[in-house]
Amino acid sequence: MPELPEVETVRRTLAPHLVGRTVTAVEVYDAGILRHPTSPAPFAGALVGRRVRALGRRGKYLRMALSDGGEWIVHLRMSGRLLWHRERERRERFLRLRAMLDDGSLLDYIDMRRLGGMYLVDADGVGVPAGLGRLGPDAVDPAFTPAHLAGVVRGRRATIKGILLDQRAVAGLGNIYVDEALHAARLHPTRTGESLRPAEVRRLHAAIVAVVREGIRAQGVSFALYRDGEGRPGEMGERLRVYGRAGLACYACGGTIARARVAGRGTAYCPRCQPEPRRQTGRARC
DNA sequence: CGCTTCCTGACT
DNA sequence: AGTCAGGAAGCG
């Protein structure tokens with residue numbers, strides 16, 4: 001569930017605690033979350049002694065630059081959490097890995113479902129997750145323009161929801177922000193890419209940028225995800241217009257938010273604000 | 001292109 | 001017991 005705004009919030013709140021710190025020890029409780037290297041000893045061996053130089057983010061990947069030119073990359077997927085704190089006796093349920101830092105503080109990786117994981121990339125780039133190299137522009141990057149979005153949907157018969165969930169098209173969106181953006185743009189989730197008219201593409205682009213920025217400002221939607229070591233949740237959950245609101249009244253029109261399955265995902269939308277596509281919407285056939 | 005798989009807990 | 005949650009890789 002962590003999407004771009006949630007990962008960005010994690011990055012911002014961890015950075016002051018981690019930058020400049022050196023990892024002094026690593027304890028692996030579940031090797032299943034190690035993506036590269038996949039064994040605890042090599043993983044710990046490569047991380048211990050490295051200093052964290054900077055925290056970056058690309059899409060939903062958190063990237064920690066290390067002093068040797070390598071990188072420590074974490075993807076939270078569904079239930080992953082990074083928690084910085086100083087209480088050695090504190091052990092969250094589903095604690096999978098703990099890194100000890102040279103100031104006595106700790107960075108815990110917690111992941112109930114173990115879908116997330118981490119990568120240690122050496123200075124030559126060995127170990128980079130494959131998906132990272134295939135990402136489209138970040139939803140908040142200036143390179144993500146209306147023209148880029150137009151190019152991504154052009155000629156595509158896939159649903160717009162499916163296209164937006166594809167990280168190769170735009171990086172950082174997940175189920176929540178896609179539903180929110182489509183509602184804000186008044187586009188039905190099953191509209192095909194090729195059916196979108198230029199004005200609709202521009203509207204969708206503006207909606208994506210707006211909801212993602214709002215999510216960052218609100219420090220994300222909290223769902224087993226906390227912005228810092230004190231476990232304080234983000235406020236975006238209270239600002240959602242459609243996600244999780246099936247059966248409730250649409251804030252825009254008063255109609256009832258509906259639920260469907262689109263691109264294999266639970267999907268919330270307003271049938272009145274987001275009208276059902278008609279066949280061959282907006283595209284002449286020859 | 002969409003569907004399945006991974007993974008585990010909450011809910012019906 | 002069965003269904004759902006869903007990010008992303010993999011498959012047909």
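In the text below, chain A, chain B and the rest are named by the order of the sequence lines, each starting its count at 1.
Taking the six-membered ring for Trp, A:Tyr269 and A:His188 have ring centres closer than 6.0 Å.
Rounded to a whole Å, the CG atom of A:Leu164 is 13 Å from the P atom of B:dC1. Rounding to whole angstrom units, CD1 of residue A:Ile33 and P of B:dT8 are separated by 13 Å. Atom CE of A:Met78 is separated from atom C1' of B:dG9 by 11 Å (rounded to the nearest Å). Rounded to an integer number of Å, the gap from A:Tyr109 OH to B:dC7 C1' is 12 Å. Atom CG in A:Leu173 sits roughly 10 Å away from atom P in C:dG7 (whole-Å rounding). Between the CD atom of A:Glu3 and the P atom of C:dG6 there is a distance of 9 Å, rounded to whole Å. For the pair A:Tyr177 OH and C:dG7 P, the computed distance is 12 Å after rounding to whole Å. The distance between atom CZ of A:Arg58 and atom P of C:dA8, rounded to the nearest whole Å, is 12 Å.
Closest to the A:Thr159 side chain, of the nucleotides B:dT8, C:dG7, B:dG2, is B:dG2. In the set B:dC1, B:dG9, C:dG7, B:dG9 carries the atom at the smallest distance from any side-chain atom of A:Met112. Distance from the side chain of A:Lys60 is smallest for C:dA8 among the nucleotides B:dG2, C:dA8, C:dG6. Relative to the side chain of A:Phe94, the nucleotides C:dA8, C:dG6, B:dT8 differ in distance, and B:dT8 lies closest.
Residue A:Arg113 places none of its side-chain N or O atoms closer than 4.0 Å to OP1 or OP2 of B:dG9. At B:dT8, one or more side-chain N or O atoms of A:Arg114 fall inside 4.0 Å of OP1 or OP2 (strictly under the cut-off). For the pair A:His75 and C:dA8, the criterion of a side-chain N or O lying under 4.0 Å from OP1 or OP2 is met.
Within the nucleic acid shown, A:Arg261 comes within 4.0 Å of sugar-phosphate atoms alone, with no base atom in reach, counting heavy atoms only.
Heavy-atom distances to DNA chain C give each of A:Thr267 and A:Pro129 a nearest nucleotide, and the one nearer the 5′ end belongs to A:Thr267. In terms of position along DNA chain B, the nucleotide closest to A:Arg77 lies nearer the 5' end than the nucleotide closest to the other residue of the pair A:Arg93 and A:Arg77. Between A:Arg265 and A:Arg157, the residue anchored closer to the 5' end of DNA chain B is A:Arg157, taking for each the nucleotide with the nearest heavy atom.
Within the 4.5 Å cutoff, the side chain of A:Asp111 has no heavy atoms near those of the A:Leu76 side chain. With a 4.5 Å cut-off on side-chain heavy atoms, A:Ile110 and A:Arg96 do not count as touching.
A distance of 8.5 Å separates CZ of A:Arg11 from CG of A:Leu62, quoted to the nearest 0.5 Å.
When hydrophobic clusters are built by joining Ile, Leu, Val, Met, Phe, Trp and Tyr residues whose side-chain heavy atoms come closer than 4.5 Å, directly or via intermediates, A:Tyr119 is not grouped with A:Leu115.
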